[in-house]
Amino acid sequence: MRYLPKSEADRRAMLEAIGLESLEELFSQIPPELRLSEPLRLGPGLSEYEVLEYFREQGRRNATYPSFLGAGAYRHYRPSLVDVVASRGEFLTAYTPYQAEISQGILASIFEFQTMICQLTGMEAANASMYDGSTAMTEAALMAVRITGRDRIVVGAGVHPEYREVLRTYARNQAMQVVEAPYEPESGATDAARAAQLLDGRTAALILQSPNFFGVLEPLQAAAEAAHCAGALLVHVFTEAVSLGLLAPCEQADIVAGELQSFAIPPGFGGPYAGVIATREKYVRQLPGRLVGQTTDSRGRRAFCLTLSTREQHIRRERATSNICTNQALVALMATVFMTVYGKQGLRELAEQNLAKAHYLAGKLPRRFSGRFFNEFVARAEGASPERINRALLEKRIIGGLPLGRFYPELADCLLLCATEMSRREEMDAVAEAFADAAGGRM
Amino acid sequence: MRYLPKSEADRRAMLEAIGLESLEELFSQIPPELRLSEPLRLGPGLSEYEVLEYFREQGRRNATYPSFLGAGAYRHYRPSLVDVVASRGEFLTAYTPYQAEISQGILASIFEFQTMICQLTGMEAANASMYDGSTAMTEAALMAVRITGRDRIVVGAGVHPEYREVLRTYARNQAMQVVEAPYEPESGATDAARAAQLLDGRTAALILQSPNFFGVLEPLQAAAEAAHCAGALLVHVFTEAVSLGLLAPCEQADIVAGELQSFAIPPGFGGPYAGVIATREKYVRQLPGRLVGQTTDSRGRRAFCLTLSTREQHIRRERATSNICTNQALVALMATVFMTVYGKQGLRELAEQNLAKAHYLAGKLPRRFSGRFFNEFVARAEGASPERINRALLEKRIIGGLPLGRFYPELADCLLLCATEMSRREEMDAVAEAFADAAGGRM
Amino acid sequence: MIGKVRSHIVQEEPLVFELSSAGKRGFQLPALDVPAADPAAALGAENVRGPLEGFPEVSEVEALRHFTRLSTWNYAIDLGMYPLGSCTMKYNPRAHEEAARVEGLAWAHPYQPEELAQGCLEIMARLEEALAEITGMDAVSLQPAAGAHGELTGILLVRALLETRGNPRRKILIPDSAHGTNPATAAIAGYAVENIKSNARGMIDLEAFPGLVTEEVAALMLTNPNTLGVFEVNIARIAEILHEKGALLYMDGANMNALVGVTRPGDAGVDVLHLNLHKTFSTPHGGGGPGSGPVAVKRELEPFLPKPRLKREGGRWRLDYDRPQSIGRVRAFYGNFGVLVRALAYILACGAEGLRAATLDAVLNSNYVRKALEPYYDLPHREPSMHECVFSDQRQARRGVRTMDIAKRLIDYGFHPYTVSFPLIVPGALMIEPTESESRRELDLFIQAMIAIAREAEENPELVRTAPHTTRTSRVDEVTAARKPVLRWRPGS
Amino acid sequence: MIGKVRSHIVQEEPLVFELSSAGKRGFQLPALDVPAADPAAALGAENVRGPLEGFPEVSEVEALRHFTRLSTWNYAIDLGMYPLGSCTMKYNPRAHEEAARVEGLAWAHPYQPEELAQGCLEIMARLEEALAEITGMDAVSLQPAAGAHGELTGILLVRALLETRGNPRRKILIPDSAHGTNPATAAIAGYAVENIKSNARGMIDLEAFPGLVTEEVAALMLTNPNTLGVFEVNIARIAEILHEKGALLYMDGANMNALVGVTRPGDAGVDVLHLNLHKTFSTPHGGGGPGSGPVAVKRELEPFLPKPRLKREGGRWRLDYDRPQSIGRVRAFYGNFGVLVRALAYILACGAEGLRAATLDAVLNSNYVRKALEPYYDLPHREPSMHECVFSDQRQARRGVRTMDIAKRLIDYGFHPYTVSFPLIVPGALMIEPTESESRRELDLFIQAMIAIAREAEENPELVRTAPHTTRTSRVDEVTAARKPVLRWRPGS
Ligand SMILES: Cc1ncc(COP(=O)(O)O)c(C=O)c1O
Ligand SMILES: Cc1ncc(COP(=O)(O)O)c(C=O)c1O
């Protein structure tokens, strides 16, 4: 086996040193009846070329057309430097930087990550990453429960449906109650006043995604005020990190939880992505996940290390803030490289391009909601079903939007469409044409 | 410009330090009439994405079909590690290891390269690389001229035609005479006896390629004896380095010059490849190109450095062994990684697979020559022209062989075909079928 | 004499914010091919943010150098042995990075039509099948993002099954040798944790165990081999005892690298287990992640697995959301797909024989190290070791040298330390997992280093206590870091 | 105080041969899908070699670690400033590595049918056109593999043209400041070399020059800016003088980084020049190569360019071999195509404006360094500097500190040295070319280091003479290496 750095002579010599005759003897403590008597049914090992060819073949079976899918996974340019950095063995093949003296590169980059997330979200502290946006949001909810000592969560119906599902999975066994605040059928945004009515003395947090699943901006300010009035926290969730380049952070939010996939991570059929939670300094000890802090080495020079680990499972065990251990460090590093390469100006320009593209496309389609939007919006299919329009687009080798009936039965005639800096005018015109064909009865 | 690490403030401060007002003043010594008055007609700078898209688009305009072309550029698997190593900035973005103390990695790898080339060729010393096989062969000829003090080169007609052209380009201005030794029309190999007749007291070297351009093994042993009889050197040229995994090196050769493209370098439309020259210890001071030697550092530890540089242009100027300066170091590194990964067993297996594939294919085609061959051979097109057969294969998305009329008018009805470990049985069967169709009048 | 490393220079580098200068940029976008939209008009002026104060402003070359320089401060598997116990720091084949970057896979959108995602679905199906075969289980979910996430999923499955039997029960039994994620997981799943004491051999005490398994017990979370590297020889009996009481056996499969191709948890009665693809199946650790923590279950638990599930229909794969008994989702989409690609690539590359050979070498390496170090370090448990061996610092502690000091001194010798202070049942533990990826040469250097440190601990304990001495950063003050947390850069800081 | 680097550990590593052990392997081939061929039968037993004695036998992980560890012993642009004069060590954009690896380009066979290679031909045509525009020349050949190869090609073109005029002439004039490849090239092209002395300003002496241009002179090889970094202000006049005598002006374009977008050699009367794509056009130096040395010529010389030439016909590109006056080939195939891809990518990315901006910054950086170091180092020529500046070690030499010592000491300060002892007309030269890729911060650190070394040379010359002190390898004994050459590893060595 080409991965194994041993010759037979090496093995023999080592066995001899141990005082054994055969490798099998190393397993003699395992009861014989538990030992496999025949090889696993997995076939022979393949060459590197065959392995790669297998995956290339699977790749060819997937479509790689231009697409207007967003809904929590976005298509954005990926600066070449991202993979260059993430491919360096010194980042790729290290593990959690427990040994600070030989992990300063990872630690410094996480410290930069935490800082940039704070700059983007307007928060004071951010952790080193969570599995994804959905678990980040869910852990934010658990965090709010710990902070407030309450056990009820009000979540906007405009939060990504799969994120809400994850919240419910976790909530079910924690005796946590989850209540949904509906969206206004006209604007697509949460009605802050109605949400306020749902907040009660047991409510730990109001969770809103903005831009929400429909792409619509939520009234975060008003929501924060309502939440605070009720003694609850406001959790701001984002799925499209690029929006942070243009949208003002909500200064009254208590926790921001989001997904960083847009920052140089390809859609990758759903993962690995990276979630993150940012919050106020005062809540830091309730943050789940790893944190890197600045300190000094024994000679007084700036150094970084993992810190506040008494929050974590390996110290606090069943009383930890979370059970998370392995996180999404390499993905967070990729996001850090992305943020560095785009930088202050670039991130804004990127957001502006997204805005322009989506508004160009939206201008040609019948929008379902009136709320302000960033790079996603809901369009109503007229004259044909969303699925039918998508089929017509597929014939032009374009993947259309996401039919919403699956998540929102009341929106069964609608599609969620996303345009990014990668969307080309011709492609958008083709989408507009398909909608027009449908509306005009030509489909 | 994203590559330039300066803000306007930086530039202003620097100009101030120099005592200038504007960047333009830096060029005031250039006569005004020579300064460009308008921008170059090159258009605006493009984004990374647009640049890559341009090249992807050009790539799509080329064919990437399975192919039976060889003739000095071979298709072989490329172990993933090759690009991993060659992409490390520490190798990729360094230059010639003039400063040994911070270049030991490059130097050690070149030392390994030189050693492996010696092991493969049976020679005692090898240089750090030449531009390609054709210039390596040509420089070997110049070397033989210097060693022998003679001025005539006999080169086999079975040497790659483009290599011979290069030799002639260089020879023309050096008052060097180049004579060709014909190949036997039956075997495709050089007739050693006839070649011997061409050797005279002015002859510096007999140059044979083996396997030769027709894929046929040359009688190197006999040729060496003939050359030595005449006081000339034998230069053994190879274009298919994989053959060295199976073919015995010619022990009597004086110089071996070859092309290493087969060792992990993609065909790449002809370059960059890497040539190499290996020779006997006694001729080392006549070797062109860089050499790495082992030595010690000031604390007595093993170290490596460039050595014997008095042969080279930067010291010896017009009396240097060659004008070469920049060579093909990164390509040689890739070859070194390739040789390391394949290793002793693997290189042999690789050669055996090539042998098996080519002999399978040859078994189904009318061979033009009777000589023994490795992974290339000449087939005669019967019933249709070589071009016609290739067109038929293109319809099946296969690139056939190289029609030989272009280089050897007498072989206008022949194709040079190469099969490697990458050639698949079905593809070879398709080639056989096309030949059979032609022969059977079905084309 | 330290022969494995030498002193050399590495570049210093400030934080990226300290490199910024107004107007520098590292990226350019293609020109916009549609009219620009006015942010204030489109979003409402109040929603548009001001400049991103403090955000980086550097050029491309500075960005590349920045991260390249930082990288040179790290240790990694690519540089040498990384015997971090319980983490299985094995070689990460580089071809698999290429596999994960195949365009049709990397750019597949999780919501693209199933008929245009058959390649992805096929990969997931094939991996599920392979993992079921390797573990001897009936069904696998690839959704969990890491080991701890897999644990949570597994315990939620236990709860779901027990609920259908009428009572989710109240507590989970966890040996005191377990990893911290086990109790933390149980708590998040709403269970009380009952720690059970390992016996003198470091295993479950089969005498006491039946008494602990009451009607309140939902499951035992058992790590096998346990964190001492010891195979729980009574695992089949343990499963029986649990099953007799209607409880389940959860296995933490973090240590599967000791078992693959040799024995299968499913055959020993395990009901549910998680795997760490980033350990056993060679996917890179990436400085802390991403990982992937698939959960494998017996048939009984299958209906409760997270949705969606893969389903074969008419020669095609689809995603089945119609799973009424499912515990629901544990994350958005389907799992860390890119990690799944790498793990399947590893399984395909190894094949049955290669996987088994890797296990054999992993156990060989650990026993070789154990044998060589026994004369120098205290071995608190003498049971046969599997893929890792655990020493204690008891002898060195007499000279005031603790496991953390030895670990730091190992850095001077050119190694990443072993796992420090874990498992908790071994005071001052040195948990050493070489993995199969280490050559005899590298192991011998490690052994020499450990022996040299043992000698130093006797002769010059201060040298060890203040290590490392040769690194760019000397021993880091973690106490101050925690006492006065500085968690972000600020201008002038 | 050295602030740019710190001491850290790097892994040691033997030669790969010393890692071998019989039977280890790093690669596996797919199973053969045709019958095996018996080598002895197919090739003749006498032609089949025995085992490759001493050849490496290592696993994949060892191979990766081997080269990764070696890599950590190198300095590179990615790590910091690399002011090697005359080499233009600028940033190598990484996206361009991706461009060169595009499958349809990397796997294109040089003999694949032209209609299936239009992408490659288009790239070459576009690059030829861009280089002609940048240099102000009429035609470009991309065949030469590096600068020296381009020089040879260029001089052969000169010879070919002069031959058609009846006499190839006998000699080439070369200023004493020229790079060694210039005279070496002239010799290979069959010309005698006549060195001409630079005047006190480091330039061609316009008084003496006309007298040198006899009927025997084929061409002058002029580097502009010359190797002192000085623009030959009389270049147009020099061209005229040559042309009047029927001789040609060859320009060594290694220093084009000082000129792009500002002035064009073609406009100054240059007849033929070579470019170094691996300098001016950002393609990586790769530890010594590959490079690419295109030759650009005026119309008159076009018929002689190496064949084949690109030709546009019926909306497609083809390769024209019907070039009766061509000097022939200078190498197999068409050039270092992969390098051409990267160079064109650079030109496209920069555009006209970016190329000019790079030139401006390159000249700014060199003048900034010059200004700052003038008080500390002897500046033998006071003409305005372009992209590089050349000091001499005259002041330090008084204390026994030579340019090589200063260079070695710079290593301790975290920099790659400048070019040492070149150009030859400056005894003890320090040739510093920062390129445009250096930030003000990096330049300031370099300046500080140089000033500190100047001080050390005064106060503690021995420290400088024995540098470097902080590297893994201390000063290397090059004398013994040359005296007793050991050019390959042997068992037991
Ligand atoms: C025994 C054991 N269980 C569980 C885990 C948790 O796995 P992960 O880090 O993937 O969440 C670990 C990880 O270190 C472990 O060692
Ligand atoms: C001025 C000058 N001319 C010519 C050359 C030769 O170029 P190359 O190394 O590409 O052959 C060099 C290279 O260093 C140079 O600096």
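Labels below follow one simple rule: chain letters A, B, ... track the order of the sequence lines, proteins then strands, and each chain is numbered from 1.
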Engineer: Salt bridge or not for C/Arg65 and D/Glu438, using N-O below 4.0 Å?
Structural biologist: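 So C/Arg65 pairs with D/Glu438 through a salt bridge.
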Engineer: Is it the case that atom CD in C/Glu353 sees more than 12 heavy atoms from other parts of the structure closer than 6.0 Å?
Structural biologist: no
Engineer: Rounded at 0.5 Å granularity, tell me how far CG in D/Leu79 sits from OG1 in C/Thr68.
Structural biologist: 6.5 Å
Engineer: With only heavy atoms counted, which part of C/Thr72 is less than 4.5 Å from chain D, the side chain, the backbone, both or neither?
Structural biologist: both
Engineer: Given heavy-atom pairs under 4.5 angstrom as the criterion, report whether the side chain, backbone, both or neither of D/Ser439 touches chain C.
Structural biologist: side chain
Engineer: Pick one of side chain, backbone, both or neither for D/Gln11, based on which atoms fall under 4.5 Å of a heavy atom in chain C.
Structural biologist: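 Both backbone and side chain.
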Engineer: Under 4.5 Å heavy-atom distance to chain C, tell me which part of D/Pro93 shows up: side chain, backbone, both or neither.
Structural biologist: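 It is both, since atoms from each part get that close.
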Engineer: Tell me, side chain or backbone of D/Ile77 under 4.5 Å from chain C's heavy atoms, or both, or neither?
Structural biologist: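 Both backbone and side chain.
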Engineer: Shorter than 4.5 Å, heavy atoms on both sides: which option in C/Gln28, C/Glu60, C/Lys24 has the most such pairs with chain D?
Structural biologist: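 Of the candidates given, the most pairs with chain D belong to C/Glu60.
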Engineer: Under a 4.5 Å cutoff for heavy-atom pairs, which residue among D/Ser437, D/Gly80, D/Pro468, D/Gly414 has the most contacts with chain C?
Structural biologist: D/Gly80
Engineer: Can you say whether D/Thr473 sits under 4.5 Å from chain C via the side chain, the backbone, both, or neither, judging by heavy atoms?
Structural biologist: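 Both parts, backbone and side chain.
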Engineer: With a 4.5 angstrom heavy-atom cut-off, is it the side chain or the backbone of D/Ile2 that approaches chain C, or both, or neither?
Structural biologist: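 Nothing of D/Ile2, per the 4.5 Å heavy-atom cut-off to chain C.
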Engineer: Restricting to non-hydrogen atoms, name the atom on D/Ile411 and the atom on C/Ile9 that form the minimum distance, rounded to 0.1 Å.
Structural biologist: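 Closest approach of D/Ile411 to C/Ile9, heavy atoms only: O-CD1, 3.2 Å.
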Engineer: Are D/Arg441 and C/Glu13 close enough for a salt bridge, meaning some N to O gap below 4.0 Å?
Structural biologist: no
Engineer: What part of D/Ser21 gets within 4.5 angstrom of chain C, counting heavy atoms only: side chain, backbone, both, or neither?
Structural biologist: neither
Engineer: Does D/Arg6 reach the main-chain N or O of C/Arg472 with its side chain, forming a donor-acceptor pair under 3.5 Å?
Structural biologist: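 Confirmed, D/Arg6 side chain pairs with C/Arg472 backbone.
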Engineer: Begin from the C-alpha positions of C/Arg69 and D/Glu442 and carry the test salt bridge (Lys or Arg N to Asp or Glu O under 4.0 Å) through to its verdict.
Structural biologist: CA-CA 13 Å; C/Arg69 288 170 172 179; D/Glu442 189 86 1; 3.1 Å; yes
Engineer: Indicate yes or no: at least one non-hydrogen side-chain atom of D/Leu64 is less than 4.5 angstrom from one of C/Asp78.
Structural biologist: yes
